[in-house]
Engineer: 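Got a structure for you, questions after.
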Number of protein chains: 2
Amino acid sequence: MTYKNSFREYLGKHGLKATRQREVILDAFLSAGSHLSTEELYRTIREKNPGIGYATVHRTLKLLAESGLAAQRHFGDGHTRYECSSEEQHHDHLICTVCGTIIEFENPGIERLQEQVAARHGFVIEQHRLEIYGRCAGCLVKKEKKQAI
Amino acid sequence: MTYKNSFREYLGKHGLKATRQREVILDAFLSAGSHLSTEELYRTIREKNPGIGYATVHRTLKLLAESGLAAQRHFGDGHTRYECSSEEQHHDHLICTVCGTIIEFENPGIERLQEQVAARHGFVIEQHRLEIYGRCAGCLVKKEKKQAI
DNA sequence: CATCTTGTTGAAAATGAAAATCATTTTTGT
DNA sequence: ACAAAAATGATTTTCATTTTCAACAAGATG
Ligand SMILES: [Mn+2]
Ligand SMILES: [Mn+2]
Ligand SMILES: [Zn+2]
Ligand SMILES: [Zn+2]
């Protein structure tokens, strides 16, 4: 509810209109898994709403990002991904290079050290991005099993 | 010298041929600034070697990355960038969102905390990437001057 | 050196995600 | 209901990157 109202508020304040499509896309975005690409969300939406076009999904996700309700992510496969950002705080990501699992984490120590590094170089931080790529626990187990055979 | 020999060695071991173009591109890559995009290096090379094509520059940079002599970077403008990687160790980047200046840094404390985070989630790290975006010292000074007027 | 095999080159075309276009439709204030 | 302004969706365009392919060059062999 709060999400929808926040979005409506943003739309109103910017002279944008509340449309059925935006509603549907927001709902789908909220109930779908996190870190979804435009393509993935579009496919999900198309199941129940074949009328909604790819361009509108693309534009609405961008709009959600601009409004602060969603955050864009770029994990290196050539797809922009989006996740909900209004309730959750800043976090960084552990990404499994085998199965694609994404784990979120926060580490105040790392954040603090980043501030120190920036200060040391006279930088003022606007944002940052830390991505750790590797093998998740599950994939490590599978690897062991394979070697055992 | 060492670079050229390393590259020749890599080529030889992989059944690839040492060509004039690859030599020229490696030289240009080594003497040009760091974090250059394919386009930027291509333009530089074209000044003295108009015959060398964009595709060849692209392929050679990819090859240098595969051989370990270069490292690819993605800083969010839609351009893949390359930097020399054989002599310098791992490092992360501070990137000025105003002037584009890139400062490299290493922080063992951050690296250590990353290992801890990964371990806590059962992850084994393969690689990571930390990019801090903000305003560099120079751009902050300029901003102050503007406000003073 | 001559010849052969195989990898390379460069121009052009293809690819694919993202963004723009535009005629038509929808929203919203009056 | 009406008019103005914005949104939609199919399609096209953009732009970095990658592939294609015929001509060419490198390196091995005799
Ligand atoms: Mn996340
Ligand atoms: Mn660097
Ligand atoms: Zn995994
Ligand atoms: Zn700067």
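Per chain, numbering begins at 1; letters A, B, ... match sequence-line order.
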Engineer: Salt bridge (Lys or Arg N to Asp or Glu O under 4.0 Å) with A/Lys48: which residues, sequence neighbours excluded?
Structural biologist: none
Engineer: Where the side chain of B/Arg22 meets the backbone of B/Lys17, is there a donor-acceptor pair that is under 3.5 Å apart?
Structural biologist: yes
Engineer: Run the salt bridge (Lys or Arg N to Asp or Glu O under 4.0 Å) test against A/Arg73 and tell me which residues pass, sequence neighbours left out.
Structural biologist: A/Glu83
Engineer: About how many Å separate CD1 of A/Ile25 and CG of A/Leu41, when rounded to the nearest 0.5 Å?
Structural biologist: 7.5 Å
Engineer: For B/Arg46, which residues count as a side chain to side chain contact (heavy atoms under 4.5 Å, CB included) partner, sequence neighbours excluded?
Structural biologist: B/Tyr42, B/Arg43
Engineer: Report all interatomic pairs (protein N or O, nucleotide N or O of nucleotides 27-30 of chain D) with separations under 3.5 Å.
Structural biologist:
residue : atom : partner : partner atom : Å
D/dG27  : OP1  : B/Ala18 : N            : 3.4

Engineer: Just jot down the salt bridge (Lys or Arg N to Asp or Glu O under 4.0 Å) partners of B/Glu66, sequence neighbours excluded, or say none.
Structural biologist: none
Engineer: Could you tell me whether B/Arg59 contacts a base, only the sugar-phosphate backbone, or nothing, with contacts defined as non-hydrogen atoms closer than 4.0 Å?
Structural biologist: base
Engineer: Any idea how A/His121 and B/Phe105 line up, ring-wise: parallel (<30°), tilted (30 to 60°), or perpendicular (>60°)?
Structural biologist: tilted
Engineer: Salt bridge (Lys or Arg N to Asp or Glu O under 4.0 Å): which pairs involve residues 109-124 of chain B, sequence neighbours left out?
Structural biologist: none
Engineer: Taking all heavy atoms of B/Cys84 and all of B/Phe29, pick out the closest pair and write down the distance.
Structural biologist: N-CZ, 3.5 Å
Engineer: Give the first and the last nucleotide of DNA chain C, reading 5' to 3', that has any atom under 4.0 Å from a heavy atom of chain B.
Structural biologist: C/dT6 to C/dA11
Engineer: In whole angstroms, how far is the P atom of D/dA26 from the CG atom of B/Leu11?
Structural biologist: 13 Å
Engineer: Report the residues that fulfil side chain to side chain contact (heavy atoms under 4.5 Å, CB included) with A/Gln21, sequence neighbours left out, ordered by chain and then residue number.
Structural biologist: A/Thr19, A/Ile52, A/Thr56
Engineer: Name all residues meeting the side chain to side chain contact (heavy atoms under 4.5 Å, CB included) criterion together with A/His58; count only those two or more places apart in sequence or in a different chain, and write none if there are none.
Structural biologist: A/Thr38, A/Tyr54, A/Lys62
Engineer: Do A/Gln114 and A/His128 pair up side chain to side chain, a donor and an acceptor below 3.5 Å, judged on atom types alone?
Structural biologist: yes
Engineer: Given axes from five pairs at either end, by how many degrees does the helix from C/dC1-D/dG30 to C/dT30-D/dA1 bend, rounded to 10°?
Structural biologist: 30°
Engineer: Please name all residues satisfying salt bridge (Lys or Arg N to Asp or Glu O under 4.0 Å) with B/Arg135, sequence neighbours left out, ordered by chain then number.
Structural biologist: A/Glu126
Engineer: In whole Å, what is the span from the CD1 atom of A/Ile25 to the P atom of D/dT8?
Structural biologist: 7 Å
Engineer: Tell me which residues in residues 37-56 of chain B put a heavy atom below 4.0 Å from DNA chain C, sorted by number, or none.
Structural biologist: B/Gly51, B/Ile52, B/Gly53, B/Ala55, B/Thr56
Engineer: Using whole Å, what does the distance between atom P of nucleotide D/dA6 and atom NE2 of A/His14 come to?
Structural biologist: 13 Å
